[in-house]
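Contents: one structure, followed by commentary.
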Protein chains: 2
Amino acid sequence: MPTARPTIADVAQRAGVSKGLVSFALNDRPGVSPQTRERILEAARELGWQPNLRARALSVDRAFALGLVIMRDPEIITGDPFYPSFIAGVERELASAGQALVLSVVPDEAAELAAYRKLVTDRRVDGVFVTDLRHDDARIALAAELGVPAVTLGHPEAPSPFPAVSMDDRAGIAAAVDHLAGLGHRRIAHVAGPDRMLHGSRRRRAFEEAMAAAGLPAGMVVETEFRAVDGARATRDLLARPDRPTAIVYANDPMAIAGLGIAQRAGLRVPHDLSITGFDGSDVGEHLFPSLSTVATDAVSWGAVAARVLLRSIAGEEPGDTDLPPARFVPRESTAPVTEPTDRTVP
Amino acid sequence: MPTARPTIADVAQRAGVSKGLVSFALNDRPGVSPQTRERILEAARELGWQPNLRARALSVDRAFALGLVIMRDPEIITGDPFYPSFIAGVERELASAGQALVLSVVPDEAAELAAYRKLVTDRRVDGVFVTDLRHDDARIALAAELGVPAVTLGHPEAPSPFPAVSMDDRAGIAAAVDHLAGLGHRRIAHVAGPDRMLHGSRRRRAFEEAMAAAGLPAGMVVETEFRAVDGARATRDLLARPDRPTAIVYANDPMAIAGLGIAQRAGLRVPHDLSITGFDGSDVGEHLFPSLSTVATDAVSWGAVAARVLLRSIAGEEPGDTDLPPARFVPRESTAPVTEPTDRTVP
DNA sequence: CTTGGTGGCTAAACCGGTTTAGAGCTCAGT
DNA sequence: ACTGAGCTCTAAACCGGTTTAGCCACCAAG
């Protein structure tokens with residue numbers, strides 16, 4: 001009574017054929033007569049044979065897995081809903097393709113590069129996702145050097161050998177600015193993500209362009225990190241200015257939520273005294289009072305499409321760049337028509 | 001000029017020894033003379049040899065990876081900070097142990113079981129994490145059937161062959177109740193997670209026991225899902241009651257944040273008219289106005305310890321159960337002394 | 001001088017698949 | 001009758017490591 005799991009040798013023996021033929025039959029390849037094929041499949045079924053992915057991985061030199069490296073300080077919980085949703089989307093594609101996702105969470109940039117390198121040289125993955133692009137992003141060159149297929153979320157600045165899957169977040173920012181301008185706001189500020197991150201600087205530029213397009217004076221921009229604590233500080237700074245803005249466009253939801261807290265703490269009524277918009281559509285923003293107007297990005301389908309593109313790259317196709325439907329502005333309660341600013345001073 | 005990566009056969013040839021000896025030398029095993037060992041290491045270094053994990057995995061019958069399956073509706077973004085932190089903690093242990101994390105995100109329970117089964121029968125992982133325990137959790141039996149090492153987060157109800165790593169969340173709930181009782185609250189409600197989840201029902205029981213211990217009448221309990229939208233609904237229900245509570249203890253932060261929004265929307269001042277506590281210490285709660293009193297759990301070290309225990313299980317040790325320092329109550333602004341209830345009616 | 005043990009090493013099997021070279025057979029074309 | 005093509009199948013190599021059996025030289029003990 002064999003306690004160990006049956007191998008194709010066992011199947012071969014039971015079906016009275018050679019190992020090689022079993023492999024052909026199980027992989028639906030030509031060169032096996034219909035009767036024999038059926039006999040082999042029957043034997044495999046009876047024995048409860050399951051392929052050993054490790055053996056397969058060695059002989060076909062594939063890992064059947066994709067790599068995702070996320071950089072974040074483990075102690076800082078941003079509450080950013082992007083990755084959970086993105087991963088759910090990725091997963092949806094991978095499951096049906098028999099692939100797995102190998103995840104690495106690293107604290108800093110050096111560890112990030114090391115993680116990519118290790119995933120590839122250990123041959124744990126066949127391709128990698130490159131998220132949160134930065135200026136002069138070293139990961140592009142690294143992936144090229146390692147010769148691993150990759151997909152980037154958004155277009156890197158420098159020419160890249162890898163397909164990009166992009167979602168235009170500029171349209172969402174523009175819609176937010178237009179919405180605010182339409183409500184009569186003129187002094188609109190932007191709390192931007194770090195300039196070194198492409199989506200940070202791109203949203204900032206989108207903001208500046210939208211302001212110009214709306215015929216408004218250049219808005220105040222505070223550049224900071226994407227975390228709640230930084231959004232809070234930036235908001236404090238903005239509200240302390242003599243020409244305090246009547247509306248603030250935040251580059252993500254955690255910053256906006258923290259900003260809302262600061263404004264309320266300062267005695268401002270949102271949206272009466274200050275309008276606020278976020279970015280990324282977190283679940284929790286919807287349940288605040290006032291609920292947060294935001295720009296909804298479909299991170300789930302971003303993940304799904306990126307995974308599909310990466311799988312095609314690995315299969316040797318050369319998928320072109322993909323543009324997803326642009327992010328949509330979702331007006332909720334945190335934006336309202338501008339009112340004459342009170343003389344109230346902010347501490 | 002060999003373009004392919006060097007194998008141990010190349011190293012063996014260069015060092016003028018057999019393949020087997022190279023393997024011994026590279027694995028620090030006895031039976032290799034010091035000079036020869038040095039020569040082999042030197043040759044490996046010169047050739048830039050890197051082990052091929054796939055080959056190693058096949059011959060030693062190990063995956064060098066751990067599996068984590070997360071169940072959540074991909075469309076619902078809970079903003080729950082637990083998993084990102086937990087994973088960061090896991091990762092910290094794995095990286096140094098040369099292990100990787102294989103992540104699976106699934107939408108429902110059937111898919112969850114299938115995901116565990118697939119991870120194991122595909123031999124992608126050497127052990128699995130079992131998080132978010134439920135009553136009669138089928139995953140325990142499944143892991144036992146599959147013969148895969150596992151670690152559970154918290155103690156399952158039924159006897160389990162696997163080590164448990166637990167963090168006492170009851171103490172945190174008790175501290176929250178005591179804190180509120182000390183502030184003079186008597187009508188304290190609990191918005192609980194689903195009864196089918198162990199931490200849902202355990203926190204609920206802890207609440208009930210703490211109420212009794214404080215000599216308070218049995219509190220109102222609303223059982224619901226862990227999502228923000230459910231916290232909002234539960235809060236609406238509670239506030240509509242004639243004997244409306246003066247304080248609400250929520251079983252997690254997203255529910256509490258949504259509850260805060262509902263209370264504010266109803267015109268209640270938090271904490272004046274209603275005190276609120278959350279659970280899990282999300283980053284964003286700290287920046288709300290009022291900031292959220294909560295129970296902080298150290299998910300990062302939970303992940304790290306669980307990973308360590310699982311690795312020891314895989315190594316054949318039989319690590320006992322581990323108890324982490326209990327969750328701590330963190331008072332912030334959303335709790336205050338009870339005030340005479342106004343007659344204000346809630347819509 | 002034999003015997004036995006030990007250190008250092010090689011050759012070969014092994015893990016469980018895939019892939020290639022080629023054998024044996026049938027059948028059509030000339 | 002011979003050739004060649006095509007089909008089905010086997011044997012063996014291969015992927016890149018690990019592990020086992022066993023050889024040989026050397027040395028100490030009897």
Side-chain angles (χ1 to χ4, degrees), chain A residues 2-44 47-65 98 120-124 126 315, chain B residues 2-44 47-65 98 120-124 126 315:
Chain A
T3 167
R5 270 174 41 171
T7 72
I8 73 170
D10 300 320
V11 176
Q13 190 183 0
R14 177 165 196 123
V17 297
S18 70
K19 260 175 72 180
L21 202 61
V22 172
S23 176
F24 279 10
L26 292 169
N27 290 305
D28 284 330
R29 286 161 54 142
V32 187
S33 77
Q35 307 90 305
T36 311
R37 178 183 307 270
E38 190 42 55
R39 194 150 40 89
I40 292 173
L41 295 181
E42 173 67 16
L47 290 174
W49 176 85
Q50 308 257 143
N52 183 324
L53 204 65
R54 297 213 265 263
R56 223 159 107 76
L58 178 60
S59 48
V60 303
D61 204 35
R62 296 254 282 109
F64 304 106
V120 175
T121 58
D122 273 357
R123 296 167 140 81
R124 286 204 189 261
D126 301 318
Chain B
T3 168
R5 270 175 41 172
T7 72
I8 74 169
D10 299 321
V11 175
Q13 190 182 0
R14 177 163 196 125
V17 298
S18 69
K19 262 176 69 181
L21 202 61
V22 172
S23 176
F24 280 6
L26 292 170
N27 291 305
D28 286 330
R29 286 161 52 142
V32 188
S33 78
Q35 307 90 306
T36 312
R37 177 183 308 270
E38 190 42 55
R39 194 151 39 90
I40 292 173
L41 295 181
E42 174 67 16
L47 290 174
W49 176 84
Q50 308 254 145
N52 182 322
L53 205 64
R54 296 213 266 260
R56 224 159 105 76
L58 178 60
S59 47
V60 303
D61 202 35
R62 296 253 283 109
F64 304 106
V120 175
T121 58
D122 274 357
R123 296 168 141 80
R124 285 200 189 264
D126 300 319

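Computed from a prediction, not measured in an experiment: that's the story for all the values here. Below, chains carry the letters A, B, ... as their sequence lines are ordered, and counting in each starts from 1.
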Let's test your reading of the model: under 3.5 Å, does the base of D:dG17 pair with the side chain of B:Lys19 as donor and acceptor? yes

May I ask you to say whether A:Arg54 pairs ionically with B:Asp61, meaning some side-chain N is under 4.0 Å from a carboxylate O? yes

Can you tell me the distance, in whole Å, between the CG atom of A:Leu58 and the C1' atom of C:dT18? 10 Å

Find the distance B:Asp61:CG to C:dC14:C1' and express it as a whole number of Å. 12 Å

A:Leu21 has an atom CG; how far is it from atom C1' of C:dT19, in whole Å? 13 Å

Starting from P on C:dT18, measure out to CG on A:Asp28 and report it in whole angstrom. 12 Å

Nearest to side-chain heavy atoms of A:Val32, which nucleotide of D:dC9, C:dG17, C:dA13: D:dC9

Whole-Å distance separating the CD1 atom of B:Ile40 from the P atom of C:dT10: 8 Å

Any side-chain N or O of B:Arg56 less than 4.0 Å from the OP1 or OP2 oxygen of D:dT18? yes

Establish, with yes or no, whether the OP1 or OP2 oxygen of C:dG17 is under 4.0 angstrom from a side-chain nitrogen or oxygen of A:Trp49. yes

For a quick test of reading the model: is some side-chain N or O of A:Thr36 closer than 4.0 Å to OP1 or OP2 of D:dC9? yes

Given atom CG of A:Asp10 and atom C1' of C:dC15, what is their separation to the nearest angstrom? 13 Å

N/O (side chain, A:Asn52) to phosphate O (OP1/OP2, C:dC15) under 4.0 Å: no

Backbone of A:Phe64 reached by a side-chain donor or acceptor of A:Asp126 within 3.5 Å: yes

Would one find a side-chain N or O of B:Arg29 under 4.0 angstrom from OP1 or OP2 of D:dT19? yes

Base, sugar-phosphate, or nothing: which does B:Gln35 touch, judged by heavy atoms less than 4.0 Å apart? nothing

Between A:Arg123 and B:Asn52, is there a donor-acceptor pair closer than 3.5 Å when you use the side chain of the first and the backbone of the second? no

Looking at D:dT8, D:dC9, C:dT20, which one has an atom nearest to any side-chain atom of A:Pro34? D:dT8

Any B:Ser33 side-chain nitrogen or oxygen under 4.0 Å from OP1 or OP2 of C:dC9: yes

If you look at every strand shown and take non-hydrogen atoms under 4.0 Å, does A:Val17 touch a base, only sugar-phosphate, or nothing? sugar-phosphate

What's the CG-P distance between B:Leu53 and D:dC15, to the nearest Å? 18 Å

So which atom in A:Asp10 and which in A:Arg5 form the shortest heavy-atom distance, rounded to 0.1 Å? OD2-O, 4.3 Å

Could you tell me the separation between the CZ atom of B:Arg37 and the P atom of C:dG8, rounded to a whole number of Å? 9 Å

Nearest nucleotide by nearest heavy atom, which residue falls closer to the 5' end of DNA chain C, A:Ile8 or A:Phe24? A:Ile8

Side-chain N,O (A:Ser18) to OP1/OP2 (D:dT10) below 4.0 Å: yes

Examine C:dT18: is either OP1 or OP2 under 4.0 Å from a nitrogen or oxygen in the side chain of A:Ser23? Give yes or no. yes

